[in-house]
Engineer: 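Mind looking over this structure? Questions follow.
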Amino acid sequence: MSNQPFQQRKIIHVDMDCFYAAVEMRDNPELRDKAIAVGGSADRRGVIATCNYKAREFGVRSAMATARALRLCPDLVLVKGRMSVYQEVSRQIRAVFAEYTDKIEPLSLDEAYLDVSECPQFQGSATLIAKDIRRRILEEIGLTASAGIAPVKFLAKVASDLNKPNGQAVIPPAKVAEFVETLPLRKIPGVGKVTAAKLADLGMHTCADAQARSLEELVAHFGKFGGALYERCRGIDKRSVQASRTRKSIGVETTFASDLAGVVDAKQHFDRLLEQLEGRYQRCGNPVIARIGVKLKFEDFQQTTMEQKHAAIDAELLWSLLEGAWERGEGKAVRLIGLQVGLDKPGSAKQLDLGL
Ligand SMILES: [Mg+2]
């Protein structure tokens, strides 16, 4: 074990370039010059999982409704996803990572954090290690990857986007302070559209803007996330790469632009979240489900979760849990809904987690 302080680790975030679409183009040369999208069925209400760069030129994006994507790009070729192939390719990519470090934290099939602080190769140069990993993925697996290198996790993730596709960027420890100065807050992982809009309303656009606010002020506006924000805007991220962690849950959530008064208002959000949850569950490789549940955050930032033992993602059960959790608010409006599946073995016999 190293005793380096958390701020001086060498973290690489590797992110495959439009992964599913890239696998399809690799395996079917006829698709290479076409705009393609994976996952969206044209006939029913489908959404696109990934598209290639040619499709992106038309404005097509991940998670876009297929119908809209086809309006933007009428020649878009829809390709049925092959999840088992993506899972196998993902295993091959992780085998490459494992030759450099055993501290690998996958975020999804096509994305992972690597802590290479103790990797002896290339005299410990994380930049050269990242280059070599990308070279091997290209030569051995036939796909391009992008990478970000930084002393902390979230900056490595921000950096992997800077020279995408097929590129990499480094934020060395001495440059962190300067880099975050001008970094837009919406680029921080975890800052979604709603939070970004709220930050903008409060006059905060860049990390420098947020640095000027006190911890108390950020917590007052954003609850627990305010604490993370206080650190991130200074380039601080104390999370280590969680190598041995087996994933305990898969969840999706959404914060509303304006709070929802009643559970009937939640139906369409619920349907969309359910679809997202199913997608994410699949991308995690369909692991065995132990429990399913819901999370609500009320207008006063109080949070409640309700879950039940169940072996599948069950829309009806999730909706009834949502109704039950909603009642706990006793009339309070709801600002966030989350849906989740628990993957660990159920530890106790209790059916409902009643912790408010
Ligand atoms: Mg990716």
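Both ligands and their constituent atoms are indexed starting at 1 by order of listing.
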Engineer: Would you say the Mg ion (ligand 1) has Thr50 as a near neighbour, meaning an N/O/S atom of that residue under 2.8 Å away?
Structural biologist: no

Engineer: Checking Arg335 against Phe256: charged group under 6.0 Å from the ring centre and within 45 degrees of the axis?
Structural biologist: no

Engineer: Report whether any nitrogen, oxygen or sulfur of Asp110 sits less than 2.8 Å from the Mg ion (ligand 1) (N, O or S, backbone or side chain).
Structural biologist: yes

Engineer: Of all N, O or S atoms in Asp15, identify the one at the shortest distance from the Mg ion (ligand 1).
Structural biologist: OD1

Engineer: Less than 4.5 Å apart, side chain to side chain, heavy atoms only: is that true for Phe225 and Thr255?
Structural biologist: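 No, too far: nothing below the 4.5 Å cut-off.
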
Engineer: Taking 4.0 angstrom as the limit, do Lys34 and Asp75 come out as a salt bridge?
Structural biologist: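 Looking at Lys34 and Asp75, the cut-off is not met.
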
Engineer: Would a single hydrophobic cluster contain both Leu336 and Phe270, if residues Ile, Leu, Val, Met, Phe, Trp and Tyr are joined by side-chain heavy-atom contacts under 4.5 Å?
Structural biologist: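 No, it is not one cluster - the side chains of Phe270 and Leu336 are not joined through contacts under 4.5 Å.
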
